[in-house]
Undergrad: 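Got a structure for you, written out below as structure tokens; questions coming shortly.
Proteins come first, then strands; the chains are lettered A, B, ... in the order of their sequence lines, and each starts at number 1. Note that these values count all heavy atoms, side chains included, but never hydrogens, waters or copies made by symmetry.
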Amino acid sequence: MNIDFFFQYLVAGITYGTIYAIVAIGFNIIYNTTGIINFAQGEFVMLGGMISVALHAFVPLPAAILAAVILTMMIGAIIEILFIRWLANPSVLRMIIITIGISILVRETALHIWGAGVRALPYFTGSEVSAISVGDVHVSPQVLWVIGISAVTVTGLNLFFGRTLPGRQMRACASNRNAARLCGINAKNMVTLSFVLSAGIGALAGCVVSPITYIQYDSGTPLAIKGFTVAILGGLGNSMAAVAAGLILGVLESFSIWIMPTAYKDVISISILLLILFVRPSGLFGNKEAAGLKEF
Amino acid sequence: MSGHKYLQTVLFAASVIAIQLATFFTGTGHYLTQLTMSGYYSLVIIGLCLLIGYAGQISIGHAGFFAIGGYTTAFLTTYDLSSVKAGAVAGLLSKTGMLVTREDLYGGQALSLHPWAACLFAIAITVVIAYLIGGPVLKLKGHYLAMATLGFGTIVYKIVLGSEKFGAADGISDVPGFLLLPGLEVSGKPSMRVMNYYISWGLVIAGVMLLLNLVHSRVGRALRAIHGAEDAAGAMGIDTAKFKLKASIIKSVRYVAIVAIGGMANLWGSLIMGFILNFLSLRGYFGTYDDAVFGAILIAIMLFAPEGLLRRELFKDVRAFFSGKKPREGRQ
């Protein structure tokens, strides 16, 4: 085993792992306020990437990213208001099928707008070939951007949920929706807010990762499956655990290239998903008994 | 089977014949190709109908089984064994008469597995996989079940896509025809169109009758019947030589859509919707909006008409529907 390659794979794993963690956090935000798994979560990531690429033709990069995030947040709000807000006590199965339907519609719309081609934003700084070298390990500056922005996002979210009024209202809804209502919290608005936040975070992830992974109209589903794997691995609803789980999955996947062809990389992570679902659905860091009481 | 179910089956068979006659008299015989394919897809749909409707389990990776059966048969019947002729396994197969020589694309000789042997092997392997996966997966519920089945479908898709031997994104073409009896061949040849139409829909009728009968038995046996239907669909749906096999996992969702719109606990409803929608889709009426149409159907049904589709007493209702009796009290 070559030690330089080892670090190279490790860095790649951490990069992907961070993105998976961000997608997982998106799942968790919506799950916590609504008890729904939003199967269209990956589409937010795709939309963020695609919209920012489209806008970058006209405006500078930071403006394109900001606008893409805001637009995707608006799309998230529209989706919630159109398809979810007015349903009274929808069953889990019904919500699953509706969000799957939404993901198809978003994907097909993207296909019609942008075609089937692969797109990417330019590297935020430097180019594909530039690298920051530490000894014999070369790290692309974009990797630092991905990790940095993800870290800022997670910290920001923690502050939002811990310190701000809307954040605390959302947490109140998550722990007991009826009690939160009695305290005068508009639970429906909190659900919309959770979709907006989750869409924004997904879109941001799509923007920062697109220079490395490229993005196309159907990039959403694989990302959603991996994000979900990470969310389960960490324990559904637990965002900090999702970060750890994301790094674990990313690194595992990255090192799997050693023993299997790259084309099977996704197979590894989905096999992990199935394994976790079968063996320990409460997740690595979750409480088994608490999970037993939840409605999945 | 009670009387009115026989009647339903006979009516169904009669409409199958009527449709063929209609294409004959209106000179639209070329429609039969798509009609045949929608028959094979209908096999998947009735399997799924019972899984969702009867057992209340969602599966959005259902086309995975279809693909496993299809790709196994296609691979085995096209893989040239000439180079390993001397090997022990090939030798054994050759002695038992399970190998056939045929002309390959370039006019040379290719030695590959007999379609029948390949088909049986494909069914066996799909059953084994369904059994291994089905056990733990069906213990899950709700989101977890949906994700697990989606994951399963995606794994099959990714493996096919990453494997040169399965033709990667292009699929396997040049699959030989499938001789049922002398003169009775499952293939994409235009001269065989009428015959293939009847083979396809004959299988659907057989599948429906099998499911109608098995549905009376205990849940376990019914679930096994459902797996049986998947496997049959997987193994039979692909042998039509001209149709290129492409990884069709994405299509899983449309099967769910069809079952939803047909009425989840309604075998005949699903069958009719499956027939209509698959035919329209295969004829290209939805154009590039094909997937979008199915997505929209899915959302519309779930938003506006979920009653009757996702009821708690679904299980009893299906029993009642199939037995013609009033539902019994309590869960069976």
Undergrad: Any donor-acceptor pair under 3.5 Å linking the side chain of A:Ser219 with the backbone of A:Ile215?
TA: no

Undergrad: Check whether A:Thr99 reaches the backbone of A:Asn38 with its side chain - one donor and one acceptor, N or O, closer than 3.5 Å.
TA: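 No; zero donor-acceptor contacts below 3.5 Å.
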
Undergrad: With a 4.5 angstrom heavy-atom cut-off, could you sort out which part of A:Leu277 is near chain B: side chain, backbone, both or neither?
TA: both

Undergrad: Heavy-atom cut-off 4.5 Å, strictly under: side chain, backbone, both or neither for A:Ser271 against chain B?
TA: both

Undergrad: Can you sort out the partners of A:Ser254 under side chain to side chain contact (heavy atoms under 4.5 Å, CB included), two or more places apart, ordered by chain and number?
TA: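 A:Ser254 satisfies side chain to side chain contact (heavy atoms under 4.5 Å, CB included) with A:Tyr9, A:Ala12 once adjacent residues are dropped.
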
Undergrad: Taking side chain as everything from C-beta outward and backbone as N, CA, C, O, which of these in A:Leu105 sits under 4.5 Å from a heavy atom of chain B? Side chain, backbone, both or neither.
TA: side chain

Undergrad: Tell me every residue that passes ring pair (Phe, Tyr, Trp, His ring centres under 6.0 Å) with B:Phe152, counting only those two or more places apart in sequence or in another chain.
TA: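 So B:Phe152 forms a ring pair (Phe, Tyr, Trp, His ring centres under 6.0 Å) with B:Phe65.
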
Undergrad: Is A:Leu87 in contact with chain B via its backbone, its side chain, both, or neither, using a 4.5 Å heavy-atom distance?
TA: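 Just its side chain gets close to chain B.
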
Undergrad: Between A:Val230 and A:Ala245, which heavy-atom pair has the shortest distance, and what is it?
TA: O-CB, 3.5 Å

Undergrad: For A:Ile102, is it the side chain, the backbone, both or neither that has a heavy atom under 4.5 Å from a heavy atom of chain B?
TA: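 Looking at A:Ile102, backbone and side chain both touch chain B.
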
